[in-house]
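As the structure lists them, so they are numbered: ligands from 1, and atoms in each ligand from 1. Position 1 is the first residue of the sequence; numbering continues from there.
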Amino acid sequence: MRLGVLTSGGDCPGLNAVIRAVVRKVERVHHGTVVGFRDAWRGVLEDDWEVLDVARCRGILPRGGTILGTSRVQPYQFPDGVARVRAAVDRHRLDGFVVIGGEGSLGAAGDLLRDGVPCIVVPKTIDNDIDGTEMTFGFDTAVHICTSAIDRLHTTAEAHDRVIVVEVMGRHVGHIAVRAGLAGGATLTLIPEVPFDPAQVADALSRRHAGVSFASIVVVAEGALPVEGSMELPDYEVDRYGHQRLGGISQWLAADIERRTGIETRVTILGHVQRGGTPTAFDRVLATRYGVAAADAAAAGDWGTMVALRSDRIVRVPIAEVAGRVKRVERSFYDEVSAPFFAS
Ligand code: F6P
């Protein structure tokens, strides 16, 4: 077997653990070869690659980032993209690709499959918003990083009787916000799935701070939005792939809280620190299991599938079933935890 591997989209702790596991399983068990392409599909389109073997992957298990580099380049961004991918398949005598990527990669992998390019996807994103799997690797690490940041912010907020608004990643979904908000004992947690009312946020904080000296942590996902017409927001910039460059809702919210309540309010935007550094033990194990399962799926010729976690087992699900779908925080779960924990 000859397998192409690439890491695509925003990076995520555990990418190297997946690469290492694919390489070990292919080399040691399936007696095949892995060709790693640099910077996602750019490496395939421009023939930028290296052979990956067990020796090359030594020491990478705990390392964040990706030894292959990543980008948001997809074949369908170019008129001759698919032809160039097919040419790479022929040139390297590949059976197919293992694509370690998120929602964009799933869509492209599904299209490539229809165009005759065999792909298997390993679901990757700290946001944990890929449908069909209970967990993506990188999510657990991001939640740990946010929780330990919130723990630290509690003590400084208490020392000054302040509100601190902590902005975490989550473009369309609030999985990181809800888990970190719960684990960190946040006063309020605001997520994209449930528009917030700035007046209610301010009321809750005013009630909590009334007459007593108190600190509050408000966790807000970067994609959270106020109910329509309740707050004016800036237009977000768009990057070269058409993604809105989010980040900043916390500043607007903090200014609004301070104006309405008179309580001194500060902002911490955790940003890319959530994606950097070493994966947790949980993510290393999950990423390793995904890598092994992807190599096995390729060896079995089960192309067009995504490896997924379900009830602690790794299964294969058809890409067509999950591409284009977003796994959101369930309203019932959010309501259930909001009443006792995020109401004030
Ligand atoms: O990995 C997904 C994500 O973390 C989103 O939550 C966030 O909006 C996005 O990546 C930002 O990525 P970048 O800054 O690399 O464009």
Side-chain angles (χ1 to χ4, degrees), residues 6-18 39-42 64-66 68-74 77 99-108 121-131 133 135-147 149 166-181 189-193 219-225 233-253 267-280 283 286-287 290 306 322-329:
L6 51 103
T7 51
S8 177
D11 75 323
C12 175
L15 285 168
N16 285 323
V18 180
D39 304 335
W41 291 103
R42 186 201 65 77
T66 159
L68 287 173
T70 186
S71 74
R72 294 208 160 89
V73 171
Q74 302 283 357
Q77 289 158 358
V99 181
I100 312 168
E103 45 167 333
S105 308
L106 266 169
V121 173
V122 176
K124 161 245 63 158
T125 165
I126 64 163
D127 292 345
N128 199 28
D129 59 354
I130 295 183
D131 200 38
T133 184
M135 189 89 99
T136 50
F137 67 90
F139 173 64
D140 184 67
T141 305
V143 170
H144 273 259
I145 292 168
C146 294
T147 304
V166 188
E167 184 175 310
V168 302
M169 280 188 171
R171 168 175 294 272
H172 308 295
V173 300
H175 295 290
I176 295 177
V178 172
R179 300 281 159 170
T189 294
L190 311 174
I191 60 173
E193 291 87 339
V219 174
V220 59
E222 62 183 346
L225 288 172
L233 291 175
D235 288 335
Y236 288 116
E237 271 177 63
V238 172
D239 71 14
R240 62 189 158 135
Y241 301 106
H243 287 211
Q244 275 189 328
R245 202 166 277 164
L246 298 180
I249 183 68
S250 52
Q251 267 145 354
W252 290 75
L253 179 63
V267 171
T268 298
I269 300 179
L270 293 179
H272 293 81
V273 77
Q274 294 161 90
R275 285 201 335 218
T278 188
T280 58
D283 276 336
L286 181 61
Y290 276 156
M306 177 186 88
V322 289
R325 296 166 63 102
V326 177
K327 184 179 71 188
R328 300 183 196 282
V329 172

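At a heavy-atom distance under 4.0 Å, only side-chain atoms of Arg72, from C-beta outward, approach ligand 1.
With sequence neighbours left out, Ala108 forms a side-chain contact (heavy atoms from CB on, under 4.5 Å) with Gln74. Partners of Arg328 according to the side chain to side chain donor-acceptor pair (under 3.5 Å) rule, which considers only residues two or more places apart in sequence or in another chain, do not exist here.
Comparing Arg275, Arg171, His272 by heavy-atom distance to atom 12 (O) of ligand 1, the nearest is Arg275.
Annotation for ligand 1: atoms under 4.0 Å from non-hydrogen atoms of Ile126 are 4 (O).
When side chains are defined from C-beta on, Glu103 does not count as touching Thr125, because their heavy atoms never get closer than 4.5 Å. Counting only heavy atoms from C-beta outward, the side chains of Leu190 and Leu253 approach each other to under 4.5 Å.
Looking at Gly170 next to ligand 1, an N or O pair under 3.5 Å apart turns up.
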